[in-house]
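Structure, as structure tokens:
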Protein chains: 2
Amino acid sequence: MAQRSTYRHGDLHRALVAAGTELAREGGPSAVVLREVTRRTGVTPNAAYRHFADKRALLHAVSMAAQAELARSIEDEQSTINQNDDDGVVAKARLRAVGAGYLRFAQTQPGLFRTAFAEHADLRDAAVSDSAGESGLTPFQLLSAALDGLVEAGVLSAERRLGAEFLAWSSVHGLAMLVIDGPLRGLDVEQRTFAARRLLEMVEKGL
Amino acid sequence: MAQRSTYRHGDLHRALVAAGTELAREGGPSAVVLREVTRRTGVTPNAAYRHFADKRALLHAVSMAAQAELARSIEDEQSTINQNDDDGVVAKARLRAVGAGYLRFAQTQPGLFRTAFAEHADLRDAAVSDSAGESGLTPFQLLSAALDGLVEAGVLSAERRLGAEFLAWSSVHGLAMLVIDGPLRGLDVEQRTFAARRLLEMVEKGL
DNA sequence: GACAAATGTGAACACTGTCAACAAATTGTG
DNA sequence: CACAATTTGTTGACAGTGTTCACATTTGTC
């Protein structure tokens with residue numbers, strides 16, 4: 001790593017999270033080891049303790065960053081939607097895009113995906129901006145917004161809206177986990193896309 | 001730990017897995033540390049290497065044991081079904097019991113549940129008897145059998161049967177993960193049972 | 001310019017997984 | 001039965017980890 005001239009680093013907090021994120025990207029949560037993070041940042045191990053209480057706190061920050069990338073993946077997927085369609089069609093497409101972006105991120109960045117949900121995240125974390133994407137919304141909020149859109153478009157009844165994010169999230173999250181390092185790892189690309197499509201259909205139909 | 005009189009232990013392999021399983025029960029996969037496992041078994045750390053290639057192999061064995069307990073939880077749930085009902089009703093109940101047993105185990109034994117899916121399990125593992133319950137079936141096989149039952153009872157079409165285990169498993173597994181250490185951890189018991197019931201309804205309806 | 005706060009360094013500790021060499025018990029073979 | 005071969009457990013060591021305590025350097029403030 002590049003030797004720095006100044007005694008102070010300048011932006012160590014951010015640099016540590018960035019280095020940790022790269023490690024997580026390559027090897028998942030277990031790969032983000034404190035000493036290696038500081039090594040890559042060109043700083044002593046203990047310097048990290050000026051910015052994070054302990055390793056868990058650092059990992060938590062990395063997890064937030066990973067969730068933010070997940071949010072951006074969902075936003076990318078949503079940006080391809082043709083807005084000129086019928087309201088109901090657009091609303092449904094927005095929900096499907098949440099699931100598709102989620103699944104794509106899990107398979108494209110499995111290390112980051114596992115890190116995003118490795119350290120016990122809380123629902124309160126879903127509201128903090130560290131885990132938000134370009135739109136300022138976290139993955140959970142993007143899902144909620146999509147479901148609200150279904151209600152507004154008259155596709156989903158208010159009654160069925162209640163707790164719907166749990167159902168949708170569970171299904172997609174479960175498939176993602178099973179595909180990237182669960183018992184469904186052996187599936188080839190074709191089987192995966194098939195499973196993903198059928199799953200999103202099931203959610204839309206069974207909600 | 002109890003000092004042993006003989007130089008040989010007698011059944012060290014099994015004892016190590018048992019000790020590891022207890023650690024996993026208490027603290028999840030990260031709690032099963034090789035040295036502590038051997039300590040509890042009253043044996044030197046290196047003795048473990050006569051029975052397992054490395055720590056990962058030990059953890060894998062513990063994971064299999066955890067899956068076997070999961071299978072038993074499902075079997076317990078299925079044993080409460082009233083067999084005198086209509087074939088279709090019984091078949092549906094058997095599928096619901098798979099989900100209910102799965103979710104109950106996840107909440108009753110979160111440490112073991114996380115361990116069961118921590119080390120990259122493979123579909124081949126789902127067929128090995130180490131991870132089977134009393135019936136000799138693994139969790140995956142119990143699910144498959146329940147879905148087959150739906151087809152036999154004429155409740156599910158052969159076409160929709162294709163890949164159905166992925167959908168059902170994903171949904172239930174996802175909810176379990178999100179509830180025990182995901183963003184849905186904050187939910188109280190009432191909310192959980194509500195979410196579980198709605199989820200199982202969704203699967204049954206959307207399959 | 002003195003002094004306090006913030007930020008990075010150095011040396012050390014307990015703990016982990018793992019290896020190589022050795023020792024004791026068991027098993028198999030003449 | 002003897003005794004070599006194999007299996008199973010032990011001892012001692014090493015590198016790597018998270019973390020703590022004392023110390024050094026920089027920055028900001030009255």
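Quick note: numbers below take in every heavy atom, side chains included, and nothing from hydrogens, waters or symmetry partners. Residue numbers begin at 1 in each chain, while the letters A, B, ... track the order of the sequences. Quick caveat: nothing in here was measured; it's all calculated off a predicted structure.
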* **Rounded distance in Å - CZ (B:F52) to P (D:dG9)** => 11 Å

* Counting just side-chain N and O atoms, does A:H51 come under 4.0 Å of either OP1 or OP2 of C:dA6? -> no

* Of the candidate nucleotides D:dT19, D:dG9, D:dT17, which contains the atom at the shortest distance from the side chain of A:D54? -> D:dT19

* Structure fact -> Taken to the nearest whole Å, CG/A:N46 to C1'/D:dA24 is 13 Å

* Structure fact -> Walking DNA chain C from its 5' end, the first of A:R50 and B:L34 to be reached, judged by nearest nucleotide, is A:R50

* Structure fact -> Of the candidates C:dG17, C:dT16, C:dA12, the side chain of A:R35 sits closest to C:dA12

* To do: Find out whether B:R198 and A:R160 are in side-chain contact, i.e. whether some heavy atom of one side chain is under 4.5 Å from a heavy atom of the other.
  => yes

* Asked: For the base of D:dT7, is there a side-chain donor-acceptor partner from B:R8 under 3.5 Å away?
  -> yes

* Does the side chain of A:R161 come within less than 4.5 Å of A:L147's, by heavy atoms? -> yes

* To do: Hey, could you give me the CG/OH distance between B:L200 and B:Y102, rounded to the nearest 0.5 Å?
  => 12.5 Å

* Atom CG of A:D11 to atom C1' of C:dA6: distance rounded to whole Å? -> 15 Å

* Asked: Can you tell me how far P of D:dT19 sits from NZ of A:K55, to the nearest Å?
  -> 8 Å

* To do: Return yes if some donor-acceptor pair links the side-chain N/O of B:Q191 with the main-chain N/O of B:D188 below 3.5 Å, else return no.
  => yes

* Asked: Choosing from C:dT7, C:dG10, D:dT8, which nucleotide comes nearest the side chain of A:T44?
  -> C:dG10

* Asked: Rounding to a whole Å, what distance do you find between B:L12:CG and C:dA25:P?
  -> 16 Å

* Asked: Between atom CG in B:L23 and atom P in C:dT16, what is the gap in whole Å?
  -> 11 Å

* To do: Using atom CD of A:E36 as one end and atom P of D:dA15 as the other, report the distance to the nearest whole Å.
  => 18 Å

* **N/O (side chain, A:R39) to phosphate O (OP1/OP2, D:dT17) under 4.0 Å** => yes

* Structure fact -> A:H13 atom NE2 is separated from C:dA6 atom P, nearest whole Å, by 16 Å

* To do: Look at B:R72 together with B:E75 and state whether they make a salt bridge at an N to O cut-off of under 4.0 Å.
  => no

* Structure fact -> Per atom distances to the B:Y49 side chain, the nearest of D:dG9, C:dT7, C:dG17 is C:dG17

